[in-house]
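Data block below; observations after.
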Amino acid sequence: MARRRVPNFCFEYVEGGAEDEATLRRNRDVFGEFAFVPRTLVDVTSRNQSVSLFGQASAAPFMIGPTGFSGLLAREGDVAMASAAAAAGIPFVLTNVSTTSMEDVARRAGGRIWQQVYMYRTRDFIEKLARRAHHAGIEALVVTTDSAIYGKREWDMRNYVGHQQLNWRNKIDVLRHPRWIADVLLPNGFPKFANLGDLLPPDKTSVRGAAASILGQNLDPSLSWRDIAWLRDLWRGKLLIKGVMSPEDAALAVAHGVDGIVLSNHGGRQLDGALSTMDVLPDVIAEVKGRAAVMLDGGFRRGTDILKAVALGADAVLLGRATTYGLAAGGQAGAARAIEILRSEVDRALGLLGCPDIGGLDGKFLRKLGSAGNVAS
Ligand SMILES: Cc1cc2nc3c(=O)[nH]c(=O)nc-3n(C[C@H](O)[C@H](O)[C@H](O)COP(=O)(O)O)c2cc1C
């Protein structure tokens, strides 16, 4: 439905990965390498899938992760997704490149809002952003560390000529989507970046113009653990790092005082050929479990995918495309529907697994195919 309802250039932006998309494929294939070992004759009349994240309950073992340009998929897409998350009782991570500001999202949607941060060259920008986040009641900052250099996304490259100028094929395709034009373009033209403070010149905030390349040039390739130490001193709320893929970095994150890590290969959009987060999760859990919250994303499309990660020891999963497809298909109602599908699949699978309380789900319920026994006990 999402593919039909939004223009090709929007859908391919969501759907695509980097280069040969080997990591994008790996993110889905990996779930086939884990299989459940269900228990039977267990009373599963009442089932619980809520988990505790930083001392507060989340109604499901997943949340909505950060995705940029959501305002291109549906009108005020960030508010729509945040509202769907708040109504479902799960956290929402707002992208730095949103088209609604964190203040407006927090005020209009309510719920638990975490703010994703790209580290731009000016540290001044990060200081101001942290101050704004504090005043807006943002619970956590989530620093994305895998994007200091932009991945090579060839579908995107083919859809444009120059700075975000669509080629003719895509311009014509836009005209074939009058409903999208009415929803997204007619109110105020192309949406504008609204969460970047004064990083962009006032006349260059449209997602269509030069903003994307200005932002790209401002990403800081010198980003290092020193910056995390600096941010840890500055920000008293919860601090998470998104983009960890190795046990060594997970240990370093804990040593730098972060509260949580998000294992991520950016949905296969950055380094192609990287492992899936499910490949590295067991080693990361062995390294840091109990010292920091461990979350992950990449390829989660089914309730059973989410439960496989929880059985391996993850605290929660972040959704990327699963909820953006919902948003593109039906705005807030569509995002809510995506959440509901996953909630009901998790609920059903907990019953079928003979594990009515998600707190009891561990490695005894899972086997890695090709290995002799369960993944852990
Ligand atoms: C359309 C789109 C936009 C994204 N924008 C951001 C972003 O602004 N910041 C960020 O940290 N990650 C971003 N990501 C990565 C997601 O947060 C997440 O890591 C990834 O989508 C997970 O994989 P999945 O889509 O297979 O669930 C984006 C992903 C997609 C698909």
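Whatever order the structure lists ligands and atoms in, that order sets their numbers, starting from 1.
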No-hydrogen, no-angle side-chain donor-acceptor test under 3.5 Å, [X] and [Y]:
{"X": "Thr122", "Y": "Asp124", "result": "no"}
{"X": "Glu76", "Y": "Thr100", "result": "no"}
{"X": "Ser276", "Y": "Asn265", "result": "no"}

Looking only at protein heavy atoms, which one is nearest to [atom], and what is the separation?
{"atom": "atom 27 (O) of ligand 1", "answer": "Gly320 N, 3.2 Å"}
{"atom": "atom 12 (N) of ligand 1", "answer": "Lys242 NZ, 3.0 Å"}
{"atom": "atom 28 (C) of ligand 1", "answer": "Pro66 O, 3.7 Å"}

Is there a heavy atom in [X] that sits closer than 4.0 Å to ligand 1?
{"X": "Glu15", "value": "no"}
{"X": "Val14", "value": "yes"}
{"X": "Val97", "value": "yes"}

Looking at Phe54, does the NZ or CZ of Arg112 lie under 6.0 angstrom from its six-membered ring centre and within 45 degrees of the ring axis?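 Pair Arg112/Phe54 does not count as cation-pi.
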
Taking 4.0 angstrom as the limit, do [X] and [Y] come out as a salt bridge?
{"X": "Arg153", "Y": "Glu15", "value": "no"}
{"X": "Glu345", "Y": "Arg343", "value": "no"}
{"X": "Asp78", "Y": "Arg108", "value": "no"}
{"X": "Arg301", "Y": "Asp305", "value": "no"}
{"X": "Glu139", "Y": "Lys238", "value": "no"}

Pull out every atom of ligand 1 sitting under 4.0 Å from any heavy atom of [X], numbered as shown with elements.
{"X": "Gly298", "result": "22 (C), 23 (O), 26 (O)"}
{"X": "Thr95", "result": "7 (C), 8 (O)"}
{"X": "Thr144", "result": "10 (C), 11 (O)"}
{"X": "Gly68", "result": "3 (C), 4 (C), 5 (N), 6 (C), 7 (C), 8 (O)"}
{"X": "Ser264", "result": "19 (O)"}
{"X": "Asp297", "result": "18 (C), 19 (O), 22 (C)"}

One residue to check: [X]. Relative to ligand 1, which of side chain, backbone, both or neither has a non-hydrogen atom less than 4.0 Å away?
{"X": "Gln270", "answer": "neither"}
{"X": "Tyr118", "answer": "side chain"}
{"X": "Thr67", "answer": "both"}
{"X": "Gln116", "answer": "side chain"}

Options Arg269, Arg28, His266, Arg321, ranked by nearest heavy atom to atom 2 (C) of ligand 1, top entry: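 Of the listed residues, Arg269 has the closest heavy atom.
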
Considering Gly299, Ser147, Gly267, which one's heavy-atom position lies nearest to atom 26 (O) of ligand 1?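 Checking each option, the heavy atom nearest atom 26 (O) of ligand 1 is found in Gly299.
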
With a 6.0 Å cut-off (strictly less than), is the heavy-atom count around CD1 of Ile181, excluding the residue itself, greater than 12?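 Yes, because the 6.0 Å sphere around CD1 of Ile181 holds more than 12 heavy atoms from other groups.
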
Inter- and intrachain pairs under ring-ring contact (aromatic ring centres under 6.0 Å, His included), touching residues 261-319, at least two apart: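 Those involving residues 261-319 are Phe31-Phe300.
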
